[in-house]
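Predicted model only: the values in this text are computed from it and were never measured. In each ligand, atom 1 is the first atom listed, and ligand 1 is the first ligand listed.
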Amino acid sequence: MRLLGLITIYGVLLVLPLVLSAVFGGPPRGIWAEIGSGLGMVAFAVILVEFVLSGRFKTVSNQIGMDVTMRVHQAMGRAALGLALVHPFFYGGSPSGGARPWDATRQLTLSTDMMGVGAGVAAYVLLPSFVIFAIYRKQTPQTYERWRLLHGLGAALIAGLLLVHTMIAGRYAAQMPVAWYWYAMTAGAVATLVHVYLLAPLKARKRAWRVQSVTPAAARQWALTLAPDGHDGLDYKAGQFAWLNVGNSVFSLHENPFSIASAPSAGPEISFVIKEFGDFTRTVGQIAPGTRAYVDAPYGTLAIAGRSEPGVALIAGGVGIAPLLGIFLEMRLTHDPRPVRLIYGAATAGDLVAGYELSGDDVTLVLSDPPDDWPGETGMIDAALLKRVFSQDQCDSWVFLLCGPPQMMDSVEHDLIARGVPARRILSERFDYD
Ligand SMILES: Cc1cc2nc3c(=O)[nH]c(=O)nc-3n(C[C@H](O)[C@H](O)[C@H](O)COP(=O)(O)OP(=O)(O)OC[C@H]3O[C@@H](n4cnc5c(N)ncnc54)[C@H](O)[C@@H]3O)c2cc1C
């Protein structure tokens, strides 16, 4: 229902400038010029809404899930680029459709009009570079933090240029209701940046954390535990994730998403299982206890709280165990009456996280590269293994939660769907949005 509400708001925001223009915009022009203006307006509206779809707004991402939020953000960004690129070709040489009359203030009007066109041309050139830079981020020699900064600044610059272009070159923005729509939407976009980069950090500063311990969890994986520093901790559901900033200023862009691997009922401390991967994660083992940390959380929809299915299946690959560990531990701690089965796959025995009592009838450990004396399952988490672990009855009624490498998640999802598990009973978290 809330999802429907969000889709409705999104649709209304995109259609509103068209409706306001149709109602207040005066006599229509030729159909092609109208289509050109319409496409341009929708492109600009999509770009402004993209600021809210950055993944940092819980009202959105905690409703539709972070994966979906990021997929929509990426797809709509590309759609806006397409609309923006084609819209000038509909005017047939009369860009704004004659928005302003040629009068005694000719000189002023001319320079203003040129500014409007110039801003449009600048945005027209910047937008494709901006989208290409986002699509091929990993192929550019950038740190994630620098890319994120450039992405935010670039988006703000393009939005500013498009506002100037729309207000000056756009025929319909000469009407007050339409102009107010653009001012309000642009102000909203700017407000999202103020929220993410200023207000949220200021709030986080009042609720700092301290590193309590960093211990090896498995090969190249660390268990990092934080304790609240003078507050009562975090209100989260097992399986959710946090943006974590350790040892930097609260305003630093150095923050990374990590699933919370602890159980909410275990106490106010929160733990993460972090695999060495890049710049930050490779330094986790050297973090000293007592280091100050900031947590922006909770995010994500990989949770069973509030679900009504009679059983819970957890399927993890590698460090994808982190969020499912939180759920598994929470179910044990709270004596959740629902039956649970955990399948946990890794390459070698040394890659399995230690110290969490992951054994018993409800746990199936799978190694793709097992030692000779390995008593558990071997190979990959494939259809045959899923069939051995889950009966058809369980496939027909349980909720399935997946987290792991993309190929594993894709194939398990495919196998579950083949066994009749509908998409609404398969929840997943991807650690990579690209
Ligand atoms: C929802 C979610 C939950 C995650 N949970 C875990 C977990 O529990 N344990 C774990 O080991 N890993 C987890 N990850 C992956 C983890 O975030 C990355 O491995 C980590 O950020 C890499 O940072 P780095 O500085 O070491 O590497 P870098 O070399 O800086 O980055 C490598 C890649 O990691 C991603 N990344 C880096 N920083 C960010 C950021 N601020 N925001 C989004 N993506 C970023 C980018 O795709 C980047 O290209 C999770 C990722 C997501 C999206």
Enquirer: Would you say Gln221 contacts ligand 1, with heavy atoms under 4.0 Å as the rule?
Expert: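 Contact check Gln221 vs ligand 1: negative.
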
Enquirer: Ignoring hydrogens and angles, write down the donor-acceptor pairs under 3.5 Å from the side chains of residues 295-304, residues two or more places apart or on other chains.
Expert:
{"unit_1": "Asp296", "atom_1": "OD1", "unit_2": "Tyr299", "atom_2": "OH", "d": "3.3"}
{"unit_1": "Asp296", "atom_1": "OD2", "unit_2": "Arg56", "atom_2": "NH2", "d": "2.8"}
{"unit_1": "Asp296", "atom_1": "OD2", "unit_2": "Tyr299", "atom_2": "OH", "d": "3.1"}
{"unit_1": "Tyr299", "atom_1": "OH", "unit_2": "Arg56", "atom_2": "O", "d": "3.3"}

Enquirer: So, for atom 8 (O) of ligand 1, does the protein have a heavy atom nearer than 4.0 Å?
Expert: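 So far as the 4.0 Å threshold goes, atom 8 (O) of ligand 1 is in reach of a protein heavy atom.
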
Enquirer: With atom 21 (O) of ligand 1 as the reference point, say which of Asn256, Val319, Ile274 has the nearest heavy atom.
Expert: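 Closest candidate by heavy-atom distance is Asn256.
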
Enquirer: Distance under 4.0 Å to a non-hydrogen atom of Phe280: what atoms of ligand 1 satisfy this?
Expert: 24 (P), 25 (O), 26 (O)

Enquirer: For ligand 1, is Met66 a contact, meaning one of its heavy atoms is under 4.0 Å away?
Expert: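 Distance cut 4.0 Å: Met66 fails for ligand 1.
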
Enquirer: What are the atoms of ligand 1, with element, lying closer than 4.0 Å to any heavy atom of Trp243?
Expert: 41 (N), 42 (N)

Enquirer: Assess Arg148 for proximity to ligand 1: is some non-hydrogen atom of it under 4.0 Å away?
Expert: no

Enquirer: Please enumerate all residues that pass ring-ring contact (aromatic ring centres under 6.0 Å, His included) together with Phe44, with sequence neighbours excluded.
Expert: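 Applying ring-ring contact (aromatic ring centres under 6.0 Å, His included) to Phe44 gives Trp182.
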
Enquirer: Do the side-chain N and O atoms of Tyr181 and Ser21 include a donor-acceptor pair separated by under 3.5 angstrom?
Expert: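 Not at all, the side chains of Tyr181 and Ser21 share no donor-acceptor pair under 3.5 Å.
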
Enquirer: Under 4.0 Å, counting heavy atoms only: does Val273 come that close to any atom of ligand 1?
Expert: yes

Enquirer: Check whether any N or O atom of Arg137, backbone or side chain, sits under 3.5 Å from an N or O atom of ligand 1, and answer yes or no.
Expert: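 Between Arg137 and ligand 1, an N or O pair is found under 3.5 Å apart.
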
Enquirer: So does Arg430 pair up with Asp410, basic N to acidic O under 4.0 Å?
Expert: yes

Enquirer: Check if Phe272 has a non-hydrogen atom at a distance under 4.0 Å from any atom of ligand 1.
Expert: no

Enquirer: Will you find, in the side chains of Tyr172 and Thr166, an N or O donor that is under 3.5 Å from an N or O acceptor?
Expert: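 Distance-only check fails for Tyr172 and Thr166.
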
